[in-house]
Structure formats: structure tokens, C-alpha cells
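Step one of this worksheet: look at the structure below.
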Amino acid sequence: MEKPTCGHCFTQIRNMSVKKGKNSILKNINWDIHCGELVAVIGVNGAGKSTLLKALLGEVPYQGEIAFQNTNKIGMHPPIMGYVPQKLEFDLSSPVSVLDIFAATQSKRPVWLGVSRKMREQIKESLRRVEAEYLMDRRIGVLSGGELQRVLLALALEPMPNILLLDEPVAGMDANGLKLFYETVSHIREKYDLAIVLVSHDLELVAHYADQMIVIHQGQLIAKGKPKEVFKKPKVEAIFKQSFSKAGGAKG
Ligand SMILES: Nc1ncnc2c1ncn2[C@@H]1O[C@H](COP(=O)(O)OP(=O)(O)OP(=O)(O)O)[C@@H](O)[C@H]1O
């Protein structure tokens, strides 16, 4: 059954193109991202997936239009974006804890005064959303890949965004971490009616969790729709033939 969305907000992307020097990295992308939907962005290496996310974030200049629409035209505003990167480079021996990172990003209070009880409770609540409150006092250097990504996810949800962008957030995670991450993201999308855009190479997992899917190939959006339908398109099948056979076929 089709997942209902609030239907009141969506982001319209019209004729979006990105150039780097003489190279066209993205060409004329047209796409609507609806609230309450988890959209997977798939494509082979170098297709332009990360560039698409960076353009949405405003990190790379683009031509064309991105408009956040509200069907009743009341209170239209630029969307709040949340972002979880592929990976985070940091010094593993750093004494910084999960609590310190949250406090530094969310409190105006000087860090040497410590974290107030109220702030501690708020941070705990943020971490609870992603089933990670037990990580609050751990040093970030000791977290597993999956734990760190859940902490980054909790950070990306403060403040609660309209669109959450996840750039291959699951690379290097074990099977349990993967399942927990996808289930958490899925639950958040339902509970907060967010639009979630997830770049992934894991076709089988995204086929299972995504409501919609777009395929980027050589900078162009070549297919969009429900994962099952998208995977049946001959163009898409041809591009991913190798991945399909490795994964034993994509399941919708
Ligand atoms: N700063 C840059 N300058 C020039 N070319 C770039 C730059 N960033 C990306 N590109 C090129 O743009 C194309 C798309 O890159 P992008 O990283 O968006 O692809 P991707 O689909 O995310 O790839 P992957 O799956 O390997 O992460 C590639 O050919 C890449 O070499």
C-alpha cells in the first residue's frame, strides 16, 4: 500500500545543473522530494550522487531552481537541511565525548562551565531518538562505525530538518548496525514526516526501505519511481547488471 504523506510540503528541483570547469557534473535534474518519504539515490561511482546532495545543501553552486513548496502557500520558507556525511575524519585519541560534541553545537554556554542539567537531559532525548542514549558519555574515538553514524544522525536532527540528506551513511557497518540504522531512519521519517534522501550502493537494502528511488547516471536523472518499478527498467537493469548478479537480484 502507498505510504500516506502529509502532502503539504515538497521540494521542487527544476532544471538543476552543476558544472565544474568545462565538465557538466549534473545535467538538467527535475525532481520533487515529498515530506514523509524516504528516497534512495543510486548510481555507479562518479555518477553525481554526492554532488546532487551538495547542491541541495548549497555547498556547490548550481543553475536552475530549488523551491520548498507548501501547498497552501502559507509560511513558505527555505527548508531546514540535516546532513550525515559518508565519514568523519577525526583524531581517535581525542578526549571529546558525544556529550561534548552535542553541547558544543547546541549550547551558547562556554564549554569550560560544563553542561547544565537541562542541556544534558535535552541531549539524552536527542540521542534516544536514534537509540543511542547509552553513548552519551563515551569518547567519540571508541564508537563503532554504526554507533558514530547514529550519533551523527542525532546531530543532524537538531533542529528537526525538513529534509534529511544521508550520503552513504552505512559504509563499513556490520549487518546489525546496518539494520538498526535503516530501521531508525525509517521510523524517524514516519514519526516526524521528514523527507529523507539517502545515497546508497546497497541496492537490496534500499529496495527494502525506500519509498521512492532515483537513478543518476552520468549526471542525469534517468529513472524515478518505486524501487520495484525502477529496477525493472531496462536502462537501470543494464547499468546495475553486475551489482544485481553479485547481490543475487534486487528484492522489492
Ligand atoms: N571538485 C570537483 N572538481 C572536479 N570534478 C569533480 C569534483 N567533485 C566531483 N567531481 C566529479 O564529478 C563526478 C561526480 O562525482 P560525485 O562524487 O558526485 O559522484 P558519486 O556518484 O557520488 O560517486 P561515488 O559513488 O563514487 O561517491 C565525478 O566524475 C567526479 O570526478
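None of these values were measured; they are calculated from a predicted model. Whatever order the structure lists ligands and atoms in, that order sets their numbers, starting from 1. Every heavy atom of this structure was used, including side-chain atoms; hydrogens, water molecules and symmetry mates were not.
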Self-check item: Identity and separation of the nearest protein heavy atom to atom 25 (O) of ligand 1
Solution: Lys49 NZ, 2.7 Å
Quiz prompt | contact_flag Val44 ligand 1 heavy-atom lt 4.0 Å | solution = yes
Self-check item: Lys20 and ligand 1 - part of the residue with a heavy-atom distance under 4.0 Å
Solution: side chain
Self-check item: Check: Asn15 side chain, Asn28 main-chain N or O, donor-acceptor pair, under 3.5 Å
Solution: no
Quiz prompt | Under-4.0 Å protein heavy-atom contact, atom 28 (C) of ligand 1 | solution = yes
Quiz item: Do ligand 1 and Gly43 have nitrogen or oxygen atoms that lie under 3.5 Å from each other?
Solution: no
Quiz item: Where is the tightest heavy-atom contact between Pro85 and Leu152, given as atom of each residue plus distance?
Solution: CD-CD1, 4.4 Å
Quiz item: Asn45 and His201: side-chain donor and acceptor closer than 3.5 Å?
Solution: yes
List the atom pairs, donor and acceptor, that lie under 3.5 Å between side-chain atoms in residues 46-60 and the rest of the protein, sequence neighbours left out.
from, atom 1, to, atom 2, distance (Å)
Lys49, NZ, Gly43, O, 2.9
Lys49, NZ, Val44, O, 3.0
Ser50, OG, Asp167, OD2, 3.1

Self-check item: Sidechain-backbone polar pair: Arg150 side chain, Glu131 backbone, donor-acceptor under 3.5 Å
Solution: yes
Quiz item: Looking only at non-hydrogen atoms, which of Val199, Thr51, Asn45, Ile25 approaches atom 11 (C) of ligand 1 most closely?
Solution: Ile25
Quiz item: Any protein heavy atom under 4.0 Å from atom 8 (N) of ligand 1?
Solution: yes
Quiz prompt | Proximity of His201 to ligand 1 by residue part, where a heavy atom lies under 4.0 Å | solution = side chain
Quiz item: Going by the atom numbers of ligand 1, which of them fall below 4.0 Å from some non-hydrogen atom of Ala47?
Solution: 19 (O), 20 (P), 21 (O)
Quiz item: Among all protein non-hydrogen atoms, which one is nearest to atom 19 (O) of ligand 1, and what is the separation to 0.1 Å?
Solution: Gly48 N, 3.2 Å
Quiz item: How close does the nearest protein non-hydrogen atom get to atom 14 (C) of ligand 1, and which residue and atom is it?
Solution: Gly46 O, 3.3 Å
Self-check item: Side-chain donor/acceptor of Arg129 to backbone N/O of Ser126, under 3.5 Å
Solution: no
Quiz item: Taking Asp32 as the fixed residue, which of Arg14, Gln212, Lys224 is the one that meets the side chain to side chain donor-acceptor pair (under 3.5 Å) rule?
Solution: Arg14
Self-check item: Residue, atom name and distance, where the atom is the protein heavy atom closest to atom 17 (O) of ligand 1
Solution: Ser50 CB, 3.8 Å
Under 3.5 Å donor-acceptor pairs involving side-chain atoms of residues 174-181, not counting sequence neighbours:
from, atom 1, to, atom 2, distance (Å)
Asp174, OD1, Asn176, N, 3.4
Asp174, OD1, Gly177, N, 2.7
Lys179, NZ, Glu183, OE2, 3.3

